[in-house]
Amino acid sequence: MDMAVDIKVIKQHLIDPEICIRCNTCEATCPVGAITHDDRNYVVKADVCNQCMACISPCPTGSIDNWRTMPLARAYTILEQFGWDELPAELPPEQLGGRIAAEPEPATEPAVAAAEAGFEVESETPSYGATTPPWSAAHAYTNLYPPKKPTTATVVGNFNCTEAGYANQTHHIVLDFGTMPFPVLEGQSIGIVPPGADAQGRPHHARQYSIASPRNGERPGYNNLALTVKRVLEDHQGRPVRGVASNYVCDLKVGDKVQVIGPFGHSFLMPNHPKSNIVMVCTGTGSAPMRAMT
Ligand SMILES: Cc1cc2nc3c(=O)[nH]c(=O)nc-3n(C[C@H](O)[C@H](O)[C@H](O)COP(=O)(O)OP(=O)(O)OC[C@H]3O[C@@H](n4cnc5c(N)ncnc54)[C@H](O)[C@@H]3O)c2cc1C
Ligand code: SF4
Ligand code: SF4
């Protein structure tokens, strides 16, 4: 006898908190505002996401490309997702009314709304490639050292670039990877993992910093790269705060060891053909990748 129960299911779009580097690319890309974040996790609103796939390709880590078959009534809320340190497993078939998890199926309406209306979630071909590199860019290696497997770099330079008397402080940091391969291109970034734990006792997540030196290093012939890091001493509202990673990096001494993940980014790259025209516009430490490119 067929015991399958008619439970409405959705393909719920989720972000893997273990490998997400909190770069905000997906939130900035999503055309319908389905992605949001707290100070820990980036999450997807099941009742807003229409599975258009626009966020999949730009994500530098692949953490955005996760899906769970869920009964509509049990779709994970964003509050649940904010509390995750890892993704939950797929539910067993008996909790899905006998339905087997399949490949995600993009819809034109939010998956929840489609299921509520009694429709199966229908699919169209995903529209990948919203963010593509220049055709002549060199191949970018990404995720060689993911958040679970960072590598160690040694600080070989730390120079305060800010003139005395200014409240803001920006440091030029040089990291050496020794014999550890760490191939990078101009326009990519790395993640620095600050030591210690946050207020909830969880290890600090990595913060990203743009590479501010060309692909052959700050000092050509050495396996090194430069960063340009601004101390965060007040939040976006101007209230005093001590940014975890920026202050850790700006306080590093020559010889200190640093945990590094990355490299990240496969689209914001230099064209490699002669006579290409480049216009650069930036503010503040947004100049870091441009230093690498010039
Ligand atoms: C792709 C990418 C490249 C980046 N490249 C650089 C770079 O080259 N140089 C660089 O200095 N930073 C860069 N950043 C920003 C960097 O990753 C951190 O977000 C920044 O250093 C703050 O981290 P924190 O740990 O010090 O602050 P947190 O401890 O994470 O934050 C403390 C408080 O300050 C607020 N806050 C965070 N950042 C700022 C800010 N910039 N101004 C004001 N308030 C802030 C937070 O909302 C929070 O309330 C980059 C970010 C991305 C996504
Ligand atoms: S799949 Fe589309 S709607 Fe859903 S979060 Fe990504 S960009 Fe937004
Ligand atoms: S790593 Fe991917 S999922 Fe995480 S914030 Fe960046 S784009 Fe979004």
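Order of appearance sets the numbers: ligands from 1, and atoms from 1 within every ligand.
- Residues T154 and L175 have side chains not in contact (no heavy-atom distance under 4.5 Å, counting atoms from C-beta outward).
- Contact record, N223 with F182: OD1-N, 4.2 Å, taken as the closest heavy-atom pair.
- Listed by number with element, the atoms of ligand 1 under 4.0 angstrom from any heavy atom of T228 are 7 (C), 8 (O), 9 (N), 10 (C), 11 (O).
- Residue A288 has at least one heavy-atom neighbour below 4.0 Å for each of these atoms of ligand 1: 8 (O).
- Taking a 6.0 Å sphere around CZ of R215, one finds it holds more than 12 heavy atoms contributed by other residues, nucleotides or ligands.
- When non-hydrogen atoms are compared, ligand 1 lies under 4.0 Å from neither the backbone nor the side chain of N24.
- Note: R231 CZ to Y248 OH = 13.5 Å, rounded to the nearest 0.5 Å.
- Looking at heavy atoms from C-beta onward, C23 lies in side-chain contact with P60 at the 4.5 angstrom threshold.
- Annotation for ligand 2: atoms under 4.0 Å from non-hydrogen atoms of P31 are 7 (S).
- Q237 CD: more than 12 foreign heavy atoms inside a 6.0 Å radius.
- Contact check for L91 versus P71: side-chain heavy atoms found under the 4.5 Å cut-off.
- Heavy atoms of T61 found under 4.0 angstrom from ligand 3 belong exclusively to the side chain.
- Atoms of ligand 1 found under 4.0 Å from any heavy atom of V241, numbered from 1 in the order shown, are 33 (C), 34 (O).
- If you number the atoms of ligand 1 from 1 as listed, the ones under 4.0 Å from a heavy atom of C23 come out as 53 (C).
- Not a single N or O atom of N247, backbone or side chain, sits closer than 3.5 Å to an N or O atom of ligand 1.
- Looking at V232 against ligand 1, only its side chain comes within 4.0 Å, counting heavy atoms.
- Atom 6 (Fe) of ligand 3 has its closest protein heavy atom at C23 SG, 2.3 Å.
- Proximity to E234 (heavy-atom distance under 4.0 Å) selects the following atoms of ligand 1: 43 (C), 44 (N).
- R74 and Q95 share a donor-acceptor pair across their side chains, judged by distance under 3.5 Å alone.
- If you look at V244 next to ligand 1, the close heavy atoms, those under 4.0 Å, come from the backbone and the side chain alike.
- In summary, C26 places an N/O/S atom under 2.8 Å from atom 8 (Fe) of ligand 3, meeting the contact criterion.
- The residues D16 and K148 are annotated as not salt-bridged, no charged nitrogen and carboxylate oxygen being separated by less than 4.0 angstrom.
- Close contacts of ligand 3 with T25, meaning ligand atoms under 4.0 Å from a residue heavy atom, involve 7 (S).
- Nearest protein heavy-atom neighbour of atom 2 (Fe) of ligand 2: C52 SG, 2.4 Å.
- Inclusion of C55 in the first shell of atom 2 (Fe) of ligand 3 is not supported: no N, O or S atom falls under 2.8 Å.
- Of all protein heavy atoms, the one closest to atom 4 (Fe) of ligand 2 is C49 SG, 2.4 Å.
- Contact atoms of ligand 3 toward S63: 1 (S), 2 (Fe), 3 (S), 4 (Fe) (distance under 4.0 Å to a heavy atom of the residue).
- When only interatomic distances are considered, the shortest N/O to N/O separation between R22 and ligand 1 does not fall below 3.5 Å.
- Against a heavy-atom cut-off of under 4.0 Å, V32 is close to the following atoms of ligand 2: 3 (S).
- Under 4.0 angstrom from ligand 1, the non-hydrogen atoms of S210 come from both its backbone and its side chain.
- Among N50, I15, T36, the residue whose heavy atom sits closest to atom 3 (S) of ligand 2 is N50.
- When all heavy atoms are compared, the tightest approach of H13 to C55 is CE1-SG, 3.5 Å.
- For ligand 1, the polar-atom distance check against Q208 finds a nitrogen or oxygen pair separated by under 3.5 Å.
- The option with the heavy atom closest to atom 23 (O) of ligand 1, from among H204, Q237, R207, is R207.
- Among all protein heavy atoms, the one lying closest to atom 1 (S) of ligand 2 is M53 N, 3.3 Å.
- Residues P31 and C52 meet the side-chain proximity criterion, which asks for heavy atoms closer than 4.5 Å.
- When heavy-atom distances to ligand 2 are checked against a 4.0 Å cut-off, V48 has no atom that comes that close, whether in backbone or side chain.
- Between M270 and I278, the closest side-chain pair of non-hydrogen atoms falls below 4.5 Å.
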May I have the step-by-step check of side chain to side chain contact (heavy atoms under 4.5 Å, CB included) for Q188 and Y141, ending in yes or no? CA-CA 9 Å; Q188 288 193 291; Y141 291 91; 5.7 Å; no
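- Nearest heavy atom pair, residue P194 against residue A245, reads CG-CB, 3.8 Å.
- With a 4.5 Å cut-off on side-chain heavy atoms, P17 and L87 count as touching.
- You'll find the side chain of T152 reaches within 4.5 Å of the side chain of Q259, heavy atoms only.
- For ligand 2, the atoms lying closer than 4.0 Å to a non-hydrogen atom of Q51 are 1 (S), 4 (Fe).
- Around atom 31 (O) of ligand 1, the closest heavy atom drawn from G243, G238, A28 belongs to G243.
- In the candidate list Y248, F268, F264, Y209, Y209 is nearest to atom 20 (C) of ligand 1, counting heavy atoms.
- In terms of polar-atom proximity, defined here as any N/O pair under 3.5 Å, V229 makes no such contact with ligand 1.
- Electrostatic pairing of R291 and E218 counts as a salt bridge here, judged by a charged N lying under 4.0 Å from a carboxylate O.
- The protein heavy-atom contact nearest to atom 8 (Fe) of ligand 2 is C30 SG, 2.3 Å.
- Contacts of N24 with ligand 3, taken as heavy-atom pairs under 4.0 Å, involve the backbone alone.
- Relative ring orientation between Y76 and W84 is described as perpendicular, the plane-to-plane angle rising above 60° on a 0-90° scale split at 30° and 60°.
- Each of the atoms 5 (S) of ligand 2 lies under 4.0 Å from some heavy atom of I35.
- Proximity of P181 to Y145: side-chain heavy atoms (C-beta onward) are separated by under 4.5 Å at one or more points.
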